[in-house]
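Heads up: the structure comes next, in structure tokens.
The analysis underlying the following values was restricted to heavy atoms, covering all of them including side chains, and did not include hydrogens, waters or symmetry mates. One is the number of the first residue; the rest follow in order along the sequence. Counting starts at 1 for both ligands and their atoms, in listed order.
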Amino acid sequence: MDFKPSICFVASEIYPFSKTGGLADVMGVLPLTLHQMGYDVSVITPLYGRIATSEFSPNLVYEDLNVGYPWPDISADIFRASFYGMPVYFIDRGEYFDRRYYYCTYKGDYFDNCERFIFFCRAAMALMKKMGTAPDIVHSHDWHAALMNSYIYYQKRVDSFWADTSTVFTIHNLAFQGRFSVRLFWDCGLPYEAWNPDGVEYYDSFNLLKGGIAHADVVTTVSPSYAGEIVTAEFGCGLEGILQQKSDNLVGILNGADYNVWNPAQDKFLEANYSAENPEGKKVCKADLIASLCLPERLVERPVLGFIGRLRSQKGIDLLLDIIPDLVRKDVGLVVLGEGDAEYEAQLVNLVELYPDHVSGIVGYTEEMAHKIQAGADIFLMPSRYEPCGLTQMYSLRFGTPPIATAVGGLKDTITPYPNKDANGFIFNEPTSSGLLESIEEALEVFNNPIEWEELKLRGMRTDFSWVNSAKIYIETYRKMKEPVVKGIVSAVTK
Ligand code: ADP
Ligand code: GLC
């Protein structure tokens, strides 16, 4: 019989319990997909103050579990929820996690983020010990959970409990590294030897993500193209060197889309449901979006563009803001949903005031509005400067809202650009305002040809990014790690 490893995921967000972006979406579906494939899977995550779900309300399972950081007798309470049968463990320590925001306020990052996530990882280690069996695989995500890899790497040497545990570390965004002062390294619980340029040290700073890369058995990232990009100076955010060293054990596995959540055929937020087989409802959703944002009704007859995302330079929001006057001259509608840099938020608000008959901008985020825009817009904009995978373009494809995106990372891996015969969207090469505008002009020409547009749209709606395909590649990766002595584990899986 096939060996089925037990897998414990450690991550700072999981939808629907917590979310600031795509990491939460991935954590809300990948572990569950593996659980539904018959694997023994659990998730460990912080109990944020805003954990919202009466449906899966967590119960206290361990009280006062000793964590031993930042002082010897500090403890966490552990809650557990059954998420469609899969256990999700929540680390509760109010002063660290019960806050209005997850990582930062408008004034900047929380001053104690390093302490918070050292505490989180140490609590996750303590919880696994408390439960008595070490998982075969600990699969951690992004800088918040990166220390899991470093802890297990060194604990293995001194504690036989961890002897058979292997580690996988997934990078969702290399730009967020968790870099802190050396001062915070000294009592984090790693041995002195971890402080070196092949470990957690990065030019005299304590770099949690770097430690994750250095100490994990396998490093994955969320698309094949991004895996190729991050070993270059252009996209490597200063970590290209260590990623190159790791290249035998570095793999890009494309994210999937959760069609239980992002599917216009069964979406509870929408005014009407629709699908590739029965696409009429999209018109109702467009009219509803326009009405609910108090845009002029006549825009129903005009192309409406949508943007959903963090208002940051990564997402190329500045490129879009620059061309809003051009779009208005073309008499197209634009709906923007997001929050982020104060400067972009202010520009957006100004442009909405200038062009109220064409532009609607919502500074903030709600799931409901994200779904309504996915369904109600005609064209989805994603002019990212880099994009590890990107989920919103996969969702927009399913919602019949062809994406216009830059030729980077996962956008390249998920969009087949016009004029290919099997095109489902539009791609432009250089992340510039003029590149974006030209690509929009190209899309508008196709939009004006209803037959061609309908075909492009339906091809997008039928493009399938179900998670099960990606989950199988994770399984293969985990299995290979457990085979006796494989040099270049990932090479063995993918080559
Ligand atoms: P990223 O993770 O880089 O933001 P993705 O495309 O992978 O980009 O995932 C975005 C997910 O986060 C989608 O579900 C999208 O609707 C949602 N989202 C976009 N902007 C925000 C925001 N400001 N706050 C919370 N979620 C957001
Ligand atoms: C990150 C990336 C995004 C990716 C998401 C989920 O937030 O910016 O491209 O889709 O993680 O992996």
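- A side-chain donor from one of S140 and N149 sits under 3.5 Å from a side-chain acceptor of the other.
- Nearest protein neighbour of atom 12 (O) of ligand 1, counting heavy atoms only, is G21 CA, 3.4 Å.
- With a 4.0 Å heavy-atom cut-off, ligand 1 is reached by the side chain of K315 but not by its N, CA, C or O.
- At least one heavy atom of G309 sits under 4.0 Å from some atom of ligand 1.
- At a cut-off of 3.5 Å, with distance as the only test, no side-chain donor of S205 or N207 sits close to an acceptor on the other residue.
- Here Y102 has no heavy atoms under 4.0 Å from ligand 1, in either its backbone or its side chain.
- Of all heavy-atom pairs spanning H358 and L295, the tightest one is C-CD2, 4.0 Å.
- Taking the six-membered ring wherever Trp is involved, the centroid distance between the rings of F119 and Y96 falls below 6.0 Å.
- Across S166, S6, P5, a single residue satisfies side chain to side chain contact (heavy atoms under 4.5 Å, CB included) together with P135, and that is S6.
- If you number the atoms of ligand 1 from 1 as listed, the ones under 4.0 Å from a heavy atom of E339 come out as 23 (N).
- Considering both main-chain and side-chain atoms, Q393 never comes within under 3.5 Å of ligand 1 through any nitrogen or oxygen pair.
- Salt-bridge formation is not detected for the pair R462/D422: no Lys NZ or Arg NE/NH1/NH2 atom is positioned less than 4.0 Å from an Asp or Glu carboxylate oxygen.
- An N or O contact shorter than 3.5 Å is missing between M382 and ligand 1 by distance.
- For the pair G256 and S470, the tightest heavy-atom approach, listed with the atom from each and the gap, is N-OG, 4.2 Å.
- Ring centers of Y418 and F426: under 6.0 Å apart, within the cut-off.
- Note: no N/O pair closer than 3.5 Å links Y395 and ligand 1 by distance alone.
- Under 4.0 Å from ligand 1, the heavy atoms of T20 that appear belong solely to its backbone.
- Under 4.0 Å from ligand 1, the heavy atoms of D25 that appear belong solely to its side chain.
- For the residue pair H139 and Y478, a side-chain donor N or O sits within less than 3.5 Å of a side-chain acceptor on the partner.
- The ring pair (Phe, Tyr, Trp, His ring centres under 6.0 Å) check on Y365 picks up nothing, with sequence neighbours excluded.
- At least one N or O atom of T392, backbone or side chain, sits closer than 3.5 Å to an N or O atom of ligand 1.
- With ligand atoms numbered from 1 in the order given, ligand 1 contributes 12 (O), 13 (C), 14 (O), 17 (C), 26 (N) to contacts under 4.0 Å with heavy atoms of K19.
- Protein heavy atom at the shortest distance from atom 21 (C) of ligand 1 is Y365 CD1, 3.3 Å.
- Of all atoms in ligand 1, numbered sequentially from 1 with element shown, those under 4.0 Å from a heavy atom of W262 are 14 (O), 16 (O).
- In this structure, F399 has its ring center no closer than 6.0 Å to that of F380.
- For F56 and Y84, the ring centers sit closer than 6.0 Å to each other.
- For the residue pair D267/Q374, the side-chain donor-acceptor check at 3.5 Å is not satisfied.
- From the protein, the heavy atom lying nearest to atom 4 (O) of ligand 1 is R310 NE, 3.1 Å.
- Y15 OH to T20 OG1: the interatomic distance, rounded to the nearest 0.5 Å, is 13.5 Å.
- Ordered by chain and residue number, the residues placing a heavy atom less than 4.0 Å from ligand 2 are G22, L23, V26, H172, N173, V222, N255, R310, Q314, E387, P388, C389, G390, L391.
- Side-chain rings of Y103 and H144 approach one another, their centers coming within less than 6.0 Å.
- When only non-hydrogen protein atoms are considered, atom 10 (C) of ligand 1 lies nearest to G22 N, 3.7 Å.
- Nearest non-hydrogen protein atom to atom 5 (P) of ligand 1 is L391 N, 3.5 Å.
- The distance from ligand 1 to the heavy atoms of G390 drops below 4.0 Å at these ligand atoms: 6 (O), 7 (O).
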